[in-house]
Amino acid sequence: MMMPGDPVLRMRTSALVGVLLIAVFASWRLMPARVTPADAPATEVSGARVMVGVRGVVGDAEGGAAVGGAGQPRTIGSEAHTRAVQYVVDELKAMGVTVELQRGEMPNRFKRAESVQLVNIIAPLGVGPEGADDYVAIAAHIDSVPGAPGAGDDALGVASALEVARALRARAPTQEGGRYPREVVLVITDGEELGLLGAELFCREHPLAERIGAVVNLDNRGTSGPAFIFETGPDTTALAEIMASRVPHPRTTSVAATIYDYMPNGTDFTVFREAGMTGFNVACIGSPRNYHQPSDTPDNVDPLSAQHMADTALALVEGLASVPKPASPASPKPPAPQSAWFDLLGFGVAHLPIAWMEPGALMALLLTLFSAIIALRCRWIRWSGIMIGIGAAVAAIALAALAGWGATSLARATLVDNELKGLARQQSWIWPQGYLWISAGTMLLGAVIALGLRSLALRTRQPRMPRTTGTLRNPGSPSGADPLSTARKPVFTPTSRDPEVNARWIHALVALGIWGALALTVAIVAPGASVIFVLPALAGSIALAAGALGASRMVIMRPTIGFAARAAVCAMITAALMWLPLEPALADAFGLSMLSVAAVRGALLALLLP
């Protein structure tokens with residue numbers, strides 16, 4: 001039984017308070033605090049001006065549509081598509097930018113027998129050196145799917161690109177020499193929804209494509225949420241440094257980039273990467289129920305998302321344009337160093353070499369094994385207890401996954417609107433109203449399962465208290481004995497088999513061992529995603545090894561409980577810092593289709609609770 005002064009109770013309370021504070025702080029830092037008004041200086045980007053641009057591209061009443069087709073889907077060849085292209089051209093000409101319309105014919109990838117006439121909008125902004133041979137592009141696509149006005153996908157991207165172009169032209173005179181080291185070109189592609197056709201046409205036929213070294217692509221799969229940098233070019237170290245030094249409110253992680261690499265999805269950035277360009281892919285993915293739906297309207301676009309997308313895009317484009325083109329090496333350039341990165345609650349971006357991931361995971365496992373050896377030698381635990389703990393943890397993870405699968409089946413059976421068909425029906429059950437809370441509840445369910453099984457396992461077999469075999473000797477006695485003996489080992493063997501000591505050390509060892517094993521596995525299979533496992537495992541294992549070394553020299557064993565609890569808290573707080581900010585993005589990306597994974601995430605975090 002734990003008393004109010006019990007170190008485990010204090011550590012557990014500290015861990016729960018810390019996780020709660022991180023969750024609240026991450027929610028608060030999820031989005032910018034305010035939208036910059038429309039009368040802001042031209043050198044700043046304004047979310048209010050972006051929203052005007054969204055309405056202008058979509059063509060609703062406030063957008064002031066020049067011709068018909070207002071608020072209608074911008075399918076290729078439609079009146080709404082023609083009107084949107086003209087709106088963008090007019091906006092660019094008002095900035096004093098020369099605009100080129102690249103026209104071409106491409107086969108419809110979804111209907112091979114058909115061809116479509118594309119219109120790409122190409123506009124060098126004139127902010128770089130005259131006669132520049134190295135460009136940075138900012139890209140978005142003008143078309144939408146049938147049946148959707150396409151305010152989020154991708155009028156928001158187009159309007160943000162226009163706002164960034166406006167800001168860059170106002171900022172260029174303030175640069176050294178009055179220009180950026182690299183020219184910036186606006187590339188508004190066509191036919192993205194028909195298979196990335198406009199990007200392919202541009203890269204294949206336009207002469208500027210060969211001179212573009214980097215691109216910032218703006219595309220959206222929702223109408224709210226932060227502008228998430230979810231994909232980058234291969235030179236991740238240099239790109240991570242740009243994110244860390246330039247983006248004022250970054251939301252990004254290499255975990256998302258790694259997951260996206262395994263998915264069959266593609267955007268225009270896919271074509272640009274294949275053409276040898278580096279850069280960033282940015283998207284707002286909140287409110288995914290509106291994606292490709294009639295509800296994808298300007299009224300459903302969050303102005304805070306517009307502000308964040310413009311802020312992020314401007315910072316990334318400026319970061320790329322401010323770096324002069326690297327000189328061509330005399331010999332073939334070695335592979336660029338790779339990095340794993342994550343944002344620090346929106347305050348900045350930390351990045352580490354991917355080459356450190358496997359050694360870091362292996363070190364975490366070895367330190368946990370080292371701590372286990374000390375605990376066994378000091379007779380705090382038994383092998384049988386470790387085996388029971390491992391079995392309980394593995395069973396908890398498996399049961400959590402099963403519970404998540406059951407939750408998915410329940411959601412599919414009860415939340416689907418039977419009147420909806422096709423893609424709309426699919427999206428209805430994946431992202432029903434309150435899906436974020438359902439996902440969070442599934443995580444909590446996984447945590448409860450893990451804690452329940454752990455509690456049951458630790459009470460299944462506790463070591464019996466052995467009889468006292470050691471005594472304290474008085475240093476002043478006639479025998480002159482050393483009070484701690486000459487072996488530097490604990491004198492009190494009875495308390496070294498204290499059930500509470502046994503339970504807490506087994507808990508810490510098993511939890512950190514599982515995290516270390518997962519970290520090593522992910523570091524081998526998907527190194528970019530391993531950072532969220534490696535750092536918590538390493539933090540906890542270092543604290544546990546230090547605690548085990550210190551505790552092994554103590555006379556009374558019960559205080560060693562605090563060392564084990566402290567190590568678990570170090571791992572849990574580190575994991576919460578890296579995992580909790582990801583939860584909204586994961587829920588927006590996968591909805592209720594991967595509740596099993598959400599439950600397993602909850603179980604893994606709960607295993608670290610002291």
Side-chain angles (χ1 to χ4, degrees), residues 15-31 221-222 224-230 249-260 263 283-289 302 304-305 308 340-347 349-350 397 400-401 403-404 407-408 411 430-451 515 518 522 528-533 535-536 571-609:
L16 291 174
V17 171
V19 169
L20 180 62
L21 288 176
I22 290 170
V24 171
F25 201 72
S27 300
W28 173 59
R29 291 287 300 173
L30 187 64
M31 298 282 282
R221 209 200 64 172
S224 67
F228 206 91
I229 307 169
F230 68 97
H249 194 107
R251 303 302 305 190
T252 183
T253 174
S254 57
V255 177
T258 303
I259 293 174
Y260 192 77
M263 296 173 67
C284 297
I285 62 173
S287 303
R289 285 172 59 89
D302 187 348
L304 286 174
S305 298
H308 195 224
W341 69 91
F342 55 94
D343 71 79
L344 301 168
L345 296 177
F347 284 105
V349 175
I397 294 172
T408 299
I430 293 180
W431 294 288
Q433 295 294 337
Y435 67 93
L436 285 169
W437 292 107
I438 296 173
S439 181
T442 307
M443 281 189 67
L444 183 60
L445 175 62
V448 170
I449 291 172
L451 292 175
W515 272 77
L518 280 172
V522 179
S530 63
V531 64
I532 62 173
F533 294 97
L535 292 188
M572 189 172 192
I573 294 299
T574 306
L577 277 170
M578 306 189 71
W579 283 38
L580 293 183
L582 278 176
E583 289 307 316
L586 290 172
D588 286 335
F590 301 108
L592 306 187
S593 62
M594 296 185 68
L595 288 182
S596 292
V597 179
V600 169
R601 292 198 302 270
L604 287 173
L605 285 173
L607 288 177
L608 295 174
L609 186 67

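Sequence positions, counted from 1, serve as the residue numbers for this chain. When reading the values below, keep in mind they use all heavy atoms of this one structure, side chains included, and skip hydrogens, waters and symmetry mates.
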V600/I397 under side-chain contact (heavy atoms from CB on, under 4.5 Å): CA gap, chis, key distance, verdict: CA-CA 6 Å; V600 169; I397 294 172; 4.1 Å; yes
Let me check something: any side-chain donor-acceptor pairs from residues 575-582 under 3.5 Å, sequence neighbours excluded? List them with distances.
from: W579; atom 1: NE1; to: I532; atom 2: O; distance (Å): 3.0

Atom pair CG/CZ of D343 and R251 - distance to nearest 0.5 Å: 4.5 Å
For A400 against G446, the heavy-atom pair lying closest together: CB-CA, 4.0 Å
Non-hydrogen atoms of A606 and A450 that approach each other most closely: CB-CB, 4.1 Å
Partners meeting side chain to side chain contact (heavy atoms under 4.5 Å, CB included) with A407 (sequence neighbours left out): T442, L595
Gap separating the CG atom of L607 from the CH2 atom of W515, nearest 0.5 angstrom: 9.0 Å
Heavy-atom closest contact (L436 atom, A587 atom, distance): CD2-CB, 3.4 Å
Straight-line distance of F230 CZ to T252 OG1, nearest 0.5 Å: 10.5 Å
Counterpart residues, side-chain hydrogen bond (donor to acceptor under 3.5 Å, both in side chains), relative to T574 (two or more places apart): none
Heavy-atom check, side chain of L518 versus side chain of L604, under 4.5 Å: yes
With sequence neighbours excluded, residues passing side chain to side chain contact (heavy atoms under 4.5 Å, CB included) with F25: W28, R29, L345, F347
Counterpart residues, ring pair (Phe, Tyr, Trp, His ring centres under 6.0 Å), relative to W341 (two or more places apart): none
N/O donor-acceptor pair under 3.5 Å between S439 side chain and Y435 backbone: no
A227: partners by side chain to side chain contact (heavy atoms under 4.5 Å, CB included), with sequence neighbours left out: V282, C284, H308, M309, T312
Under the side-chain hydrogen bond (donor to acceptor under 3.5 Å, both in side chains) test, residues paired with S596 that sit two or more places apart: none
Under 3.5 Å donor-acceptor, S287 side chain and G222 backbone: no
Residue pairs involving residues 582-594 (criterion salt bridge (Lys or Arg N to Asp or Glu O under 4.0 Å); sequence neighbours excluded): E583-R601
Contacts of type side chain to side chain contact (heavy atoms under 4.5 Å, CB included), residue A403, not counting sequence neighbours: L445, I449
Residue pair A15 / I573: nearest heavy atoms and the distance that separates them: O-CD1, 4.0 Å
Pairs involving residues 580-606, ordered by first then second residue, that meet ring-ring contact (aromatic ring centres under 6.0 Å, His included) (sequence neighbours left out): none
